[in-house]
Amino acid sequence: MNLIMAVLAITVTLSSILAIVAFWLPQMTPDAEKLSPYECGFDPLGSARLPFSLRFFLVAILFLLFDLEIALLLPLPWGDQLDNPTETFFWATAVLILLTLGLIYEWAQGGLEWAE
């Protein structure tokens, strides 16, 4: 019990000291150079808040979805050693069919067209 209290006291003391030093140590002197946006050494040409295409996000989400599919199917070779490997094959096939149907739907809706 004594060791736990000592470790707790050291942890709280050290955390408090570091928080106080981090609060008082930095020099808060903002100037025009620090507050201006930085774009590879030259003056910014436009707004930094340009809208992104939603199609980019759709393609990124589809990539993550199929990447997750591969991660889910990686243990499939070890599933053959189970008591009932046909059940493993059934569930893997169900996942693949579901994702393939989703891909066909997105393709039919035109969601994968990058340019109009």
**OP:** Just jot down the side-chain contact (heavy atoms from CB on, under 4.5 Å) partners of Val12, sequence neighbours excluded, or say none.
**Re:** Ser16
Original post:
What residues join Ile20 in its hydrophobic cluster, counting side-chain heavy atom gaps under 4.5 Å, either direct or through other members?
Top reply: Phe23, Trp24
Original post:
By the rule that ILVMFWY residues connect when side-chain heavy atoms come within less than 4.5 angstrom, directly or transitively, which residues belong alongside Val7?
Top reply: Leu3
**OP:** Would you mind listing the cluster partners of Ile10? Hydrophobic ones only (ILVMFWY), side-chain contacts under 4.5 Å, chaining allowed.
**Re:** none
Pair up each side-chain donor or acceptor in residues 94-109 with any protein partner under 3.5 Å, not counting sequence neighbours, and list the distances.
unit_1	atom_1	unit_2	atom_2	d
Thr100	OG1	Leu96	O	2.6

Original post:
What's the spacing between Asp67 CG and Ile61 CD1 if we round to 0.5 Å?
Top reply: 13.5 Å
**OP:** Linking directly or through intermediates, with side-chain heavy atoms under 4.5 Å: list the remaining ILVMFWY members grouped with Leu18, chain and number order.
**Re:** Leu14
Original post:
Listed by chain and number, what are the side-chain contact (heavy atoms from CB on, under 4.5 Å) partners of Asn84, not counting sequence neighbours?
Top reply: Thr86, Glu87
